[in-house]
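The figures here come from the full heavy-atom set of this structure, side chains too, leaving out hydrogens, waters and symmetry mates. Treat the numbers as computed from the prediction; the structure is a model and nothing was measured.
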Amino acid sequence: MNKFVQLHSNDDVVISLEGIHKGQSLQIQTKDRGMIQIKANDHIPKGHKMLLKPVKRGEDVIKFGYSIGKAREDLSIGDWIHTHNLTSGLHGILDYSYQPSLQDTNEPSQNHTFQGYIRENGEVGIRNEIWIINTVGCINKTCELLAKMGNEEFKDRQIDGVHHFSHPYGCSQLGDDLTHTQKLLAALVQHPNAAGVLVVGLGCENNQIEAFKEVIGEFPPSRVKFLKAQEVHDELESGLRLMGELVEYAEGFIRQTVPVSKLKIGLKCGGSDGFSGITANPLVGAVSDLIVENGGTTILTEVPEMFGAETILMNRARDEETFKKIVGLINDFKQYFIRHDQEIYENPSPGNKEGGISTLEEKSLGCTQKGGHATVVDVSPYGQRVEKHGLNLINSPGNDLISVTALAAAGAHIVLFTTGRGTPFGGPVPTVKIATNSELANRKKHWFDYNAGRLIEGQKIDELKDELFHYILELSSGKKKTNNEKFGYREISIFKEGVIL
């Protein structure tokens, strides 16, 4: 196996695939100059960058074929390139112009299928679950008890479990802050992985059930039931009775053959490292393209982790109107930072840096690879379900819990979650944890569902693309479960902005 990889022929750096000692003499295969001999000037950790060409102070350092920042000082061949000698070149709010890149105009094929549950409104679910959604955090424990009781009472019925998603909001919220909570929870109520939903309120909260119903919109009365805890003698007894009605309704659904065009996949990275942009993110991008080619939908978010790579997405917009939506998405989020007197480009995280990511540009150029090369067809606000087939962008921060919840609310049946640091976290929908390197995948087998690290061990991306795609189809058909499903890691988090009493 090669000790280094150069990602683009114009790159000034190579990525170390194993730790390199200071003073070590190395032979490196480059894309532009063939085999060259370099002496390492520093210890270079695994996943970090080494310089191939001299760079003057203030000049760009190139990786992925793009600038990942400016040199803090004059840099020499063999230097370790990281936060001590590289800084972000990003500043302030930018102006953008639409410069569309050529796109594939072939019509999507629909040859692949999976076994899903066709709901009354024509949407398709990949699980037949009962979800408990509480309007307010005061009754988290009540709903937790209801879920526990439901799983015991209905364990032999034809459902895939009863699940509750704890959150602290719904009481004392005002204005946009309350609207954010309502829209997010309402989108979860409408999610087709839930065959039936029990909405539980306390009775005195700002997020009153009557108002919340208006946000939910149309729904079959047999699918969504409501309970106000203050208005019944025994909320647990009443909740269990309503769940029984939902289970009976859910058992009316059976798996049927449906095309991949009905599938929606969320794209997420968290705890990225120096291998994320080499293995897991490009692999997910290739799978995203394959799903789109089959008429399906993929959803990309983490807006602050588009900064520095946003023009790549803008130039893939389907038309100028979509381009303007992407510009609004980016600049509105930058204004969010400014309103709170925070540095716009305060990224990457400590874990990212330890893993080899030095600047936000570098992180973003790796992050956006999850969107593959497809045309961006639409941009949606936070908490709103996507409507168009193809690659969609949605508004959400990069925070793992918040963005995975937003992807589920947007309609994602599954989230593909790439990470080089590792996390047990799972969202309300199956969350496929994809490791960027084999050491992590083997050490944390109970966290990870797929190992993309094999890409630097000789396997080809086309092989793993087809393998991961067929794994997704098996997962969607109920033939497999993710580790977050097996071990009960299911959480949500709601984006908060505004006043609370």
Q. Phe333 vs Phe337 aromatic rings, parallel, tilted or perpendicular, using cut-offs 30° and 60°?
A. tilted
Q) When you look at Trp131 and His191, which way does the ring pair (Phe, Tyr, Trp, His ring centres under 6.0 Å) test go after all the steps? A) CA-CA 10 Å; Trp131 286 7; His191 200 287; 5.5 Å; yes
Q. If we ignore angles and hydrogens, is there a donor and acceptor under 3.5 Å between the side chains of Tyr336 and Gln342?
A. no
Q | Neighbour count above 12 (heavy atom, 6.0 Å) for Gln24 CD | A | yes
Q) Is atom OH of Tyr66 surrounded by more than 12 heavy atoms (other residues, nucleotides or ligands) closer than 6.0 Å? A) no
Q) Are Lys49 and Ser358 close enough that a side-chain donor and a side-chain acceptor fall under 3.5 Å? A) yes
Q: Could you check if a side-chain atom of Leu75 sits within less than 4.5 angstrom of a side-chain atom of Asp12, using non-hydrogen atoms only?
A: no
Q: Without swapping roles, check the side chain of Asn193 against the backbone of Ile126 for a donor-acceptor pair under 3.5 Å.
A: yes
Q: Taking Thr311 for its side chain and Met314 for its backbone only, find out whether a donor-acceptor pair lies under 3.5 Å.
A: no
Q. His389 side chain to Gly295 main-chain N or O, any donor-acceptor pair under 3.5 Å?
A. yes
Q | Thr179 and Asp176: side chain donor to acceptor below 3.5 Å | A | no
Q: Please say whether more than 12 non-hydrogen atoms of neighbouring residues, nucleotides or ligands are located less than 6.0 Å from NZ in Lys22.
A: no
**Q.** pair Ile93-Ile338: side-chain heavy atoms closer than 4.5 Å
**A.** yes
Q: May I ask you to decide whether Arg454 forms a salt bridge with Glu467, counting only side-chain N to carboxylate O separations under 4.0 Å?
A: yes
Q) Are more than 12 heavy atoms from other residues, nucleotides or ligands located less than 6.0 Å from atom NZ of Lys264? A) yes
Q.
Counting only heavy atoms not in Arg33 (residues, nucleotides, ligands), do more than 12 fall under 6.0 Å from its CZ?
A. yes
Q. More than 12 heavy atoms of other residues, nucleotides or ligands under 6.0 Å from NE2 of His340: is that the case?
A. yes
(Q) Using a strict threshold of under 4.0 Å (side-chain N to carboxylate O), is an ion pair present between Glu485 and Arg127? (A) yes
(Q) Tell me whether Asp79 contacts the main-chain N or O of Leu51 through its side chain, where contact means a donor paired with an acceptor under 3.5 Å. (A) no
**Q.** Minimal non-hydrogen separation, Leu455 against Lys460, with atom names
**A.** CD2-C, 3.7 Å
**Q.** Test side chain to side chain donor-acceptor pair (under 3.5 Å) applied to Lys370 and Ser288, step by step
**A.** CA-CA 7 Å; Lys370 300 191 306 294; Ser288 173; over 6 Å; no
Please tabulate, for the side chains in residues 419-438, all donor-acceptor contacts under 3.5 angstrom to protein atoms that are two or more places apart in sequence or on a different chain.
from: Thr419; atom 1: OG1; to: Gly270; atom 2: O; distance (Å): 2.7
from: Thr419; atom 1: OG1; to: Gly271; atom 2: O; distance (Å): 3.3
from: Thr419; atom 1: OG1; to: Arg421; atom 2: N; distance (Å): 3.1
from: Thr419; atom 1: OG1; to: Gly422; atom 2: N; distance (Å): 2.9
from: Arg421; atom 1: NH2; to: Glu354; atom 2: OE1; distance (Å): 3.3
from: Thr423; atom 1: OG1; to: Phe425; atom 2: N; distance (Å): 3.2
from: Thr431; atom 1: OG1; to: Gly427; atom 2: N; distance (Å): 2.9
from: Thr431; atom 1: OG1; to: Val429; atom 2: O; distance (Å): 2.9
from: Lys433; atom 1: NZ; to: Thr423; atom 2: O; distance (Å): 3.1
from: Lys433; atom 1: NZ; to: Phe425; atom 2: O; distance (Å): 2.8
from: Thr436; atom 1: OG1; to: Asp273; atom 2: OD1; distance (Å): 3.0
from: Thr436; atom 1: OG1; to: Asp273; atom 2: OD2; distance (Å): 3.2
from: Asn437; atom 1: OD1; to: Leu440; atom 2: N; distance (Å): 2.9
from: Asn437; atom 1: ND2; to: Asp273; atom 2: OD2; distance (Å): 3.4
from: Ser438; atom 1: OG; to: Asn451; atom 2: ND2; distance (Å): 3.0
from: Ser438; atom 1: OG; to: Glu457; atom 2: OE1; distance (Å): 3.3
from: Ser438; atom 1: OG; to: Glu457; atom 2: OE2; distance (Å): 2.6

Q: Side-chain contact test, heavy atoms from C-beta onward, threshold under 4.5 Å: evaluate it for Val327 versus Leu329 and give yes or no.
A: no
Q.
Is it the case that the side chain of Lys268 and the backbone of Gly398 share a donor-acceptor pair, with hydrogens and angles ignored and the cut-off at 3.5 Å?
A. yes
Q.
So, taking the atom named CD in Glu73 and the one named CG in Leu86, what distance separates them when rounded to the nearest 0.5 Å?
A. 10.5 Å
Q.
Checking side-chain polar atoms at under 3.5 Å, does Ser97 have a donor or acceptor matched by the opposite partner on Gln99?
A. yes
(Q) Please check this pair: side chain of Asn399 against backbone of Leu401, looking for a donor-acceptor N/O pair closer than 3.5 Å. (A) yes
Q: Show your working on ring pair (Phe, Tyr, Trp, His ring centres under 6.0 Å) between His112 and Phe469 and close with a plain yes or no.
A: CA-CA 10 Å; His112 292 92; Phe469 177 67; 4.9 Å; yes
Q. Under the 3.5 angstrom rule, does the side chain of Glu362 hit a backbone N or O of Ile68 as a donor-acceptor pair?
A. no
Q | Pro45 side chain reached by Trp80 side chain, heavy atoms, under 4.5 Å | A | yes
(Q) By the definition side chain to side chain donor-acceptor pair (under 3.5 Å), identify the one residue from Glu361, Lys70, Glu343 that meets it with Ser88. (A) Glu361
Q.
If you define the side chain from C-beta out and look only at heavy atoms, does anything of Glu320 sit under 4.5 Å from Lys324?
A. yes
Q. Is there a donor-acceptor contact under 3.5 Å from the side chain of Asp466 to the main chain of Leu464?
A. no
Q. About how many Å separate OG of Ser396 and CG of Leu300, when rounded to the nearest 0.5 Å?
A. 11.0 Å
Q: Answer yes or no: is there an ion pair linking Lys46 with Glu18, defined by an N-O contact shorter than 4.0 Å?
A: no
Q | Residue Lys53 excluded, over 12 heavy atoms near NZ under 6.0 Å | A | yes
(Q) Under the criterion side chain to side chain donor-acceptor pair (under 3.5 Å), I'd like the reasoning laid out for Ser276 against Asn281: C-alpha separation, chi angles, the key distance, then a yes or no. (A) CA-CA 6 Å; Ser276 295; Asn281 288 354; 4.9 Å; no
Q: Tell me, yes or no, whether the heavy-atom count around Lys479 atom NZ, taken from other residues, nucleotides or ligands under 6.0 Å, exceeds 12.
A: no
Q.
One pair to check against side chain to side chain donor-acceptor pair (under 3.5 Å): Thr257 and Gln115. What are the steps and the verdict?
A. CA-CA 5 Å; Thr257 300; Gln115 299 295 307; 2.6 Å; yes
Q. Quick one: does His48's side chain have a donor or acceptor within less than 3.5 Å of a partner on His82's backbone?
A. no
**Q.** Heavy-atom side-chain proximity of Gln29 to Phe4 below 4.5 angstrom
**A.** no
Q: Using modelled atom types only, decide if a donor and an acceptor are shared between the side chain of Asn294 and the backbone of Val260 within a distance under 3.5 Å.
A: no
Q: Compare all side-chain heavy atoms of Leu393 with those of Ile326 and state whether any distance is below 4.5 angstrom.
A: yes
Q: Quick one: pull up NZ in Lys63 and CG in Asp60 and give me the separation to the nearest 0.5 Å.
A: 15.0 Å
Can you give me every donor-acceptor pair (side chain of residues 378-385, partner residue at least two apart or in another chain, under 3.5 Å) with its distance?
from: Asp378; atom 1: OD1; to: Lys325; atom 2: NZ; distance (Å): 2.8
from: Tyr382; atom 1: OH; to: Phe495; atom 2: N; distance (Å): 2.9
from: Arg385; atom 1: NH2; to: Glu123; atom 2: OE1; distance (Å): 2.6
from: Arg385; atom 1: NH2; to: Glu123; atom 2: OE2; distance (Å): 3.2

Q: Assign the ring pair His163 / Phe165 to parallel, tilted or perpendicular, where the plane angle (0 to 90°) is split at 30° and 60°.
A: parallel
Q.
To the closest 0.5 Å, what do you measure between CG (Leu185) and CD1 (Ile133)?
A. 6.5 Å
Q: May I ask you to establish whether Arg490 and Phe487 are in a cation-pi arrangement, using a distance under 6.0 Å from NZ or CZ to the six-membered ring centre and at most 45° from the ring axis?
A: no
